[in-house]
Amino acid sequence: MRDLVRAAGTGDAAALALAHRAVTDGDWDRLIEVDRRLHAIKLNREQRTASARTGRQVLDIAGPAFESAPAARLAGLVADRATPGNHAVVVGAVHAGLGTPVRDAVACDLFAFAASCTAATVRLGRVDFRRAQGLLREIRPDVARATETALAATDPRDLHTSTPAADAVSAAHERAEARLFIT
């Protein structure tokens, strides 16, 4: 899980930070550039599709729930197919619209990612819930480092990720007859 959290720090979490800053600065061209770059670095079609699908779901809820002007504007851009609306970019835009500090938004999203990965290990029967809580405690320093890495991103070209084993498993899962998870 440490490798996944590290990779999220240079990928999705960095995109969240860049999107948050773009919305805060009113730079919608930059937000689109970040979103397109994030979409491009996701190697597997399944990952790209899942990220855009969950991003749209957040937009469907965030606009009405928070009366978020940035969410509404981004929803329009996604509907017009100007940008894919990846989950991390959408979450960054929503947090910016709510006034959440960028550091808090990134740390929150990275912890949610780690918790989601840990929950998957429980559902697959690899660990019990007590060990899952221990794993979350153990990776706190990794989440903190990934947060700092994400916050250091200043340009969409800073976005990258390298998880060869996870990418290979994801590629095999994408073509499997029976799947354990949608994403």
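What you see is a predicted model, and the numbers here were worked out from it, not measured in a lab.
Judged by distance alone, the side chain of Ser51 and the main-chain N or O of Gln47 form no donor-acceptor pair under 3.5 Å. For Thr118 (side chain) and Ala114 (main-chain N/O), a donor-acceptor pair under 3.5 Å exists by modelled atom type. One N or O on the side chain of Asp35 and one on the backbone of Asn86 form a donor-acceptor pair closer than 3.5 Å.
Here the CD1-OG distance, from Ile61 to Ser68, works out to 13.0 Å after rounding to the nearest 0.5 Å. Distance check, rounded to the nearest 0.5 Å: CG of Asp104 to NE2 of His95 gives 9.0 Å. For the atom pair Phe111 CZ and Ile139 CD1, the distance stands at 7.5 Å (nearest 0.5 Å). Interatomic distance, OG1 of Thr147 versus CZ of Arg103, reported as 7.5 Å (0.5 Å rounding).
When all heavy atoms of Ala52 and His39 are compared, the pair lying nearest together is CB-CE1, 4.5 Å. Scanning all heavy atoms of the two residues, the minimum distance from Val106 to Ala150 falls at CG1-CB, 3.8 Å. The two atoms that bring His20 and Pro101 nearest to each other are NE2-C, 4.0 Å, heavy atoms only. Nearest approach of Pro70 to Gly97, heavy atoms of both residues: CG-CA, 3.6 Å.
Chaining together hydrophobic side chains whose heavy atoms lie under 4.5 Å apart places Leu159 alongside Leu18, Val23, Trp28, Leu31, Ile32, Val34, Leu38, Ile41, Val58, Leu59, Phe66, Leu74, Leu77, Val78, Val89, Val90, Val94, Leu98.
Inter-residue side-chain proximity for Thr121 and Leu124 is flagged as unmet; no heavy-atom pair is nearer than 4.5 Å. Contact of the Arg30 side chain with the Asp155 side chain is registered, since non-hydrogen atoms from C-beta on lie closer than 4.5 Å. You'll find the side chain of Arg36 reaches within 4.5 Å of the side chain of Pro84, heavy atoms only. No side-chain heavy atom of Asp12 sits under 4.5 Å from any side-chain heavy atom of Leu16.
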Solution key, residues 126-134 side-chain donor-acceptor pairs under 3.5 Å, sequence neighbours excluded:
from   : atom 1 : to     : atom 2 : distance (Å)
Asp128 : OD1    : Arg130 : N      : 3.1
Asp128 : OD1    : Arg131 : N      : 2.8
Arg131 : NH1    : Glu138 : OE2    : 2.7
Arg131 : NH2    : Glu138 : OE1    : 3.3
Arg131 : NH2    : Glu138 : OE2    : 3.4

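There is no side-chain donor-acceptor pair under 3.5 Å between His87 and Thr54.
Applying the side-chain hydrogen bond (donor to acceptor under 3.5 Å, both in side chains) test to Asp158 and every residue at least two apart in sequence or in another chain returns Thr154.
We find that Arg145 and Glu148 are not joined by a salt bridge, their nearest charged nitrogen and carboxylate oxygen being 4.0 Å or further apart.
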